[in-house]
Amino acid sequence: MSWAMPLTDIRITDEDVEAVLECLRSGWLTMGPRVQAFEQRFAEYVGIEHAIAVSSGTAALHLAALAGGVERGDEVIVPNLSFVASAAAVRYCQATPILCDSVGATDLNLDPDDVRRRVTERTRAVIAVHMMGYAADVERLRTLCDEHDLRLIEDVAQAIGARTERGRMTGTVGDIGCFSFFSKKQLCVGEGGMVVTPDADLATRVRLLRSHAMSSVTWERHQGYAETYDVVDIGFNFRLDEPRAALGLSRIARVDGDIATRRRLVRRYRDALRGHPAIELLWDEGAVTRSSHFAFPVLLPNRETRDRVRAELNGVGIQTTAYPELGELSEYGGAQNEQTLARSRDLAGRHCVLPLSALMTEADVDMVVAALCDVLE
Ligand SMILES: Cc1ncc(COP(=O)(O)O)c(C=O)c1O
């Protein structure tokens, strides 16, 4: 399908292409010096001690849960309104995701008060997801997790470069932060992810599990640092390859500029839609200033209107999306009392994500706004 206005869009520059070509010409394609350089650059960007590159955001979450000590029989609190990977990571460890509710129509993210209500003696961790680029209240969750001796894992797949209410970079408040470089994300390389942590022991564990729990990796043996290896646990192949690391290194310098452009466009959307009788804007100006603007969702009066609006915008070539709540997915629903997830259920049914990318112009935003207002008449 060729959209008049796709949900999002990316530009691969000549420099990006050259960085990947240079890597291909070097003849070393698996995890090696570019991955190391990307990890170092990423750690500097986020402002944290350790960054470990992996094959996807999902792999990052999986390793974070394992390194964080999540085991069979544990419970991990996960927002009902998230992408499935946040909950799947818990299931990979044979633990149970306990879905929690959103704050409400001002903030889609998980509600710390609801998290507190769901803590039991089996709870091992909380996964705080920063939805759409807006920081969840990880500072309050940090206090809660410390009180109950729980791991705090941040799912930063959608929020690279965002800041918390107290000005901390998302991903640096929890024990572990998990990023995604999937092709729709702000720092996209196709597929890829990063685990960050201030904790040297957690970093060592993630590094080990990333590559079969081998005591040395291929690059180290190639360099002559080791001749053989031992395998000390059950690990995975969650390595990032060199061409993707080269692309990530080339693109990371542009992330902040892209976020600033997205923020300008979001402000234009908000100014144009504020006061519309059928549209509610999420978050406030402070949150807009701190967000990295992965996506721009609005709330419509009900699910029926939302679905009709999406279908009609689709009909004129404007791509939109919406996240189903995890509780409505066949694999994750049913086990919990629906009444206690009422806010996230309501938000899942009413939100509509409008097109947003750093390539859009103000005229593009105006076009989407006009089409949206048209279908709401
Ligand atoms: C909130 C969230 N968590 C995790 C992921 C998983 O990342 P990946 O696709 O890189 O595995 C995504 C996106 O894809 C996401 O949006």
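Starting from 1, each residue takes its place in the sequence as its number. Whatever order the structure lists them in is the order used to number ligands and atoms, beginning at 1. Below, each value reflects all heavy atoms present in this structure, side chains not excepted, and no hydrogens, waters or symmetry copies.
Distances below 4.0 Å separate heavy atoms of V129 from the following atoms of ligand 1: 1 (C). The distance from ligand 1 to the heavy atoms of A157 drops below 4.0 Å at these ligand atoms: 2 (C), 3 (N), 4 (C), 5 (C), 12 (C), 15 (C). Listed by number with element, the atoms of ligand 1 under 4.0 Å from a non-hydrogen atom of S180 are 7 (O), 8 (P), 10 (O). Residue A85 has at least one heavy-atom neighbour below 4.0 Å for each of these atoms of ligand 1: 4 (C), 5 (C), 6 (C). The G57 neighbourhood of ligand 1 comprises atoms 7 (O), 8 (P), 10 (O), 11 (O), with distances under 4.0 Å to a heavy atom of that residue.
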Task: Intermediate values then yes/no, salt bridge (Lys or Arg N to Asp or Glu O under 4.0 Å), R34 and D241 - done: CA-CA 9 Å; R34 288 170 191 78; D241 60 29; over 6 Å; no
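Residue-to-ligand polar distances keep Y323 apart from ligand 1: every N/O pair is separated by 3.5 Å or more. Polar contact check, L61 against ligand 1: no nitrogen or oxygen pair lies under 3.5 Å apart. Among the atoms of D155, some N or O lies under 3.5 angstrom from an N or O of ligand 1.
Shortest contact from atom 6 (C) of ligand 1 to any protein heavy atom: T58 OG1, 3.5 Å. Scanning the protein for heavy atoms near atom 12 (C) of ligand 1, the closest one is F83 CD2, 3.5 Å. At the top of the distance list for atom 9 (O) of ligand 1, counting protein heavy atoms only, stands F182 CB, 3.9 Å.
L150 and I127 are not part of a single hydrophobic cluster, where members link through side-chain heavy atoms under 4.5 Å apart. The hydrophobic clustering, which links ILVMFWY residues whose side-chain heavy atoms are closer than 4.5 Å, places L202 and V70 apart.
Of the possible donor and acceptor atoms, one in the side chain of R124 sits under 3.5 Å from a partner among the backbone N and O of G69.
Remark: R244 fails to qualify as a cation-pi partner of F38 under the 6.0 Å distance and 45° angle criteria applied to the six-membered ring.
Checked for salt-bridge contact, E304 and R308 miss the test: no charged N lies under 4.0 Å from a carboxylate O.
Between A43 and E49 the shortest heavy-atom distance is CB-O, 4.4 Å.
Distances from atom 13 (C) of ligand 1 to the heavy atoms of M132, M194, K185, Q158 show the closest one on K185.
Side-chain contact of T289 with R263: a donor-acceptor pair under 3.5 Å is absent, judged by distance alone.
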